[in-house]
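Inspection log for the structure reproduced underneath, given as structure tokens.
As a basis for the values below, the full set of heavy atoms in this structure was taken, side chains included, without hydrogen atoms, waters or symmetry mates. Note that ligands are numbered from 1 as they come in the structure, with each ligand's atoms numbered from 1 the same way.
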Amino acid sequence: MSNLIFETSREGRRCVILPSSQMHGDDVYNEYIRESALELPEVAEIDIVRHYIGLSRKAHGVDNGFYPLGSCTMKYNPRLNEDAASLPGFAHLHPLQPEHTVNGSLKALWHLQSSLCEVTGMDAFTVQPAAGAHGEFTGMLLINAYHQSRKDTARTQVIVPDSAHGTNPASAAMAGYEVISVKSNDKGGVDIDELRSLVNEKTAALMLTNPNTLGLFDENIKEIADIVHDAGGLLYYDGANLNAIMGLSRPGDMGFDVVHLNLHKTFSTPHGGGGPGSGPVGVKKILEPFLPNGTIIKENDHITIKNDSEVSIGRMRSFYGNFLTNIRALTYILSLGGDGLKEASKNAVLNANYMMEKLNDLYTVAYPGTCMHEFVVSMEKEKHEYNVSAKDVSKALLDVGIHPPTMYFPNIVHEALMIEPNETESKETLDFAIQTFRDIYHTAMTNGQALRDAPLTTPVKRVDDVLAARSPILIYKKP
Ligand SMILES: *Cc1c(COP(=O)(O)O)cnc(C)c1O
């Protein structure tokens, strides 16, 4: 482990030499004067550069290696998106600038909203929500506003499949709904008979992902939509991972009424590490009046900001949402065009199926058959027979510079590894990853201890998960 920047500090060392202050003590209100010096690291410029470059080399990102993290779509982000987002006209805007000085930017957001309508088959979009879960919460509030406006007030339940992303039930619960879980059938889709038995006059909505978190497309989607609609409920589409279907099929055509997208997954915007995201929400006409204030709208051919609608669910975020993230996504969409988006999805599906076919003689695919953009394998048998777990495989991948797949999710698959290669990887990278997974499997059979000892090359080896969860040390104490 390298030192913290505070440990590198030496008294008196500096990066810059500032001119001495022209201000006198009595120019400043006494209450604002510090009583003791601010504790900052004292380092030379070269120490700072080495410190941060060193940290960046310890981190694994799309820019330095394969990152098949299922349900997260860690695809490569073309630098053109960054160029557009750093244009001074975008980057130097102030959020409080008067509207007539930001026409071009409003137009760009409108263009994005319209493009997303086209991609998803929705009638209107808002780019207010800052992330996927935020979009889900927004969608739940929209659905609630719709039922309330019709005085249909007994709808207190939201149905969520047992394979759903954890944010789905959380968002429904945050919006005040009771969450009802519906089972998956043996093909990994929604169990239709159980769904029939669960919908009734209390059903506000069904939240669904299609393809779901098993990487499977639910072919019963029309029937599912009819069951929910016939009961007076609405359909919510978790479109965090649109990577399999962009330009090929549209949630709006499948019967969904509300959808959120994760621009920071599908639309090539950097994510991870807590960076800004964007979770725009699209709706069918019936829900449009309730869209958040702050949504970009077109009124008499004039693009403006919806500000004071009384039926709106209100603002979901300050100002324009995560503006530059939205600009990156617009750039991505415009640079690929409709055909490019379609091709991206086809390649994402092809790459996932290629990897799955090259691994399924060793690894047990949880739900065999053609997958969409990702697939899930289970290490349950190997765990039982060889005491090698999904986590051991993941740790071994770290030693060859591959980011582990998503582990232990979805919950309905034991010892799950969820692999999403995505379309931006070359065949050579996929072949390298396939060979690595195969080698690791052979090690699991012959020398399980080697996997249980991994990783050996990372700055931090295995951490004690339980200790880290129960007694985390969150404050750095100077030695
Ligand atoms: C990532 C993801 C979410 C949540 O998105 P955040 O931006 O992390 O809030 C929701 N649903 C699915 C299926 C996801 O993969």
Side-chain angles (χ1 to χ4, degrees), residues 62 67-75 77 116 120 126-141 158 160-175 179 181 184 188-190 205-218 221 235-246 251 256 258-282 316-317 321-322 325-326 328-329 345 348 352 371-376 403 405-413 416-422:
V62 181
Y67 207 139
L69 188 64
S71 198
C72 290
T73 311
M74 301 302 287
K75 60 165 90 173
N77 307 295
L116 297 178
T120 56
T126 177
V127 291
Q128 278 266 303
H134 198 198
E136 292 169 23
F137 181 57
T138 304
M140 288 293 108
L141 295 185
V158 168
V160 182
D162 58 6
S163 63
H165 195 270
T167 50
N168 290 186
S171 301
M174 263 187 79
V179 177
S181 178
S184 300
V190 174
L206 168 72
M207 289 182 97
L208 203 65
T209 307
N210 197 25
N212 63 18
T213 58
L214 296 162
L216 302 171
F217 192 88
D218 200 321
I221 186 58
L235 270 100
Y236 182 92
Y237 186 86
D238 178 340
N241 313 113
L242 211 68
N243 228 40
I245 62 163
M246 277 188 300
F256 286 92
V258 195
V259 44
H260 90 264
L261 303 175
N262 276 25
L263 300 187
H264 50 289
K265 289 179 181 168
T266 311
F267 294 91
S268 170
T269 286
H271 69 116
S278 182
V281 168
M316 293 307 293
R317 198 187 179 284
N322 276 336
T325 300
N326 293 327
R328 288 183 181 94
S345 281
C371 66
M372 296 298 281
H373 61 301
E374 62 194 3
F375 61 99
V376 179
H403 193 286
T406 296
M407 298 187 293
Y408 300 100
F409 175 77
N411 302 341
I412 54 173
V413 177
L417 287 174
M418 182 196 239
I419 301 169
E420 179 182 5
N422 89 57

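Nearest approach of Lys265 to Ser71, heavy atoms of both residues: NZ-O, 3.1 Å.
At a heavy-atom distance under 4.0 Å, no atom of His134 approaches ligand 1. Both the backbone and the side chain of Ala133 come within contact range of ligand 1, each with a heavy atom under 4.0 Å. Only side-chain heavy atoms of His264 come within less than 4.0 Å of ligand 1; its backbone N, CA, C and O stay farther off.
Between His260 and Tyr237, the ring center distance fails the sub-6.0 Å criterion.
Distances below 4.0 Å separate heavy atoms of Ala240 from the following atoms of ligand 1: 2 (C), 3 (C), 10 (C), 11 (N), 12 (C), 13 (C), 14 (C), 15 (O). Of all the atoms in ligand 1, the ones that sit under 4.0 Å from a non-hydrogen atom of Ala131 are 7 (O), 9 (O).
In terms of protein heavy-atom proximity, atom 11 (N) of ligand 1 is nearest to Asp238 OD2, 2.6 Å. Nearest protein heavy-atom contact of atom 6 (P) of ligand 1 is Gly132 N, 3.5 Å. Among protein heavy atoms, atom 14 (C) of ligand 1 sits closest to Lys265 NZ, 2.9 Å. When hydrogens are left out, the protein atom nearest atom 5 (O) of ligand 1 is Asn262 ND2, 3.0 Å; that is the closest non-hydrogen contact.
The nearest protein heavy atom to atom 8 (O) of ligand 1 is not closer than 4.0 Å.
A side-chain N or O of Asn326 and one of Ser278 form a donor-acceptor pair less than 3.5 Å apart. Remark: the Asp238 side chain and the Asn168 side chain contain an N/O donor-acceptor pair separated by less than 3.5 Å.
Residue Thr167 holds its OG1 atom at 13.0 Å from CZ of Phe137, rounded to the nearest 0.5 Å. To the nearest 0.5 angstrom, Thr73 atom OG1 is 10.5 Å from Phe267 atom CZ.
With Ser345 contributing its side chain and Asn243 its backbone, the two residues share a donor-acceptor pair below 3.5 Å.
Inter-residue side-chain proximity for Arg328 and Pro270 is flagged as met; some heavy-atom pair is nearer than 4.5 Å.
At least one heavy atom of Glu136 sits under 4.0 Å from some atom of ligand 1.
Taking distance alone, with nitrogen or oxygen atoms compared against 3.5 Å, His260 stays at or beyond that limit from ligand 1.
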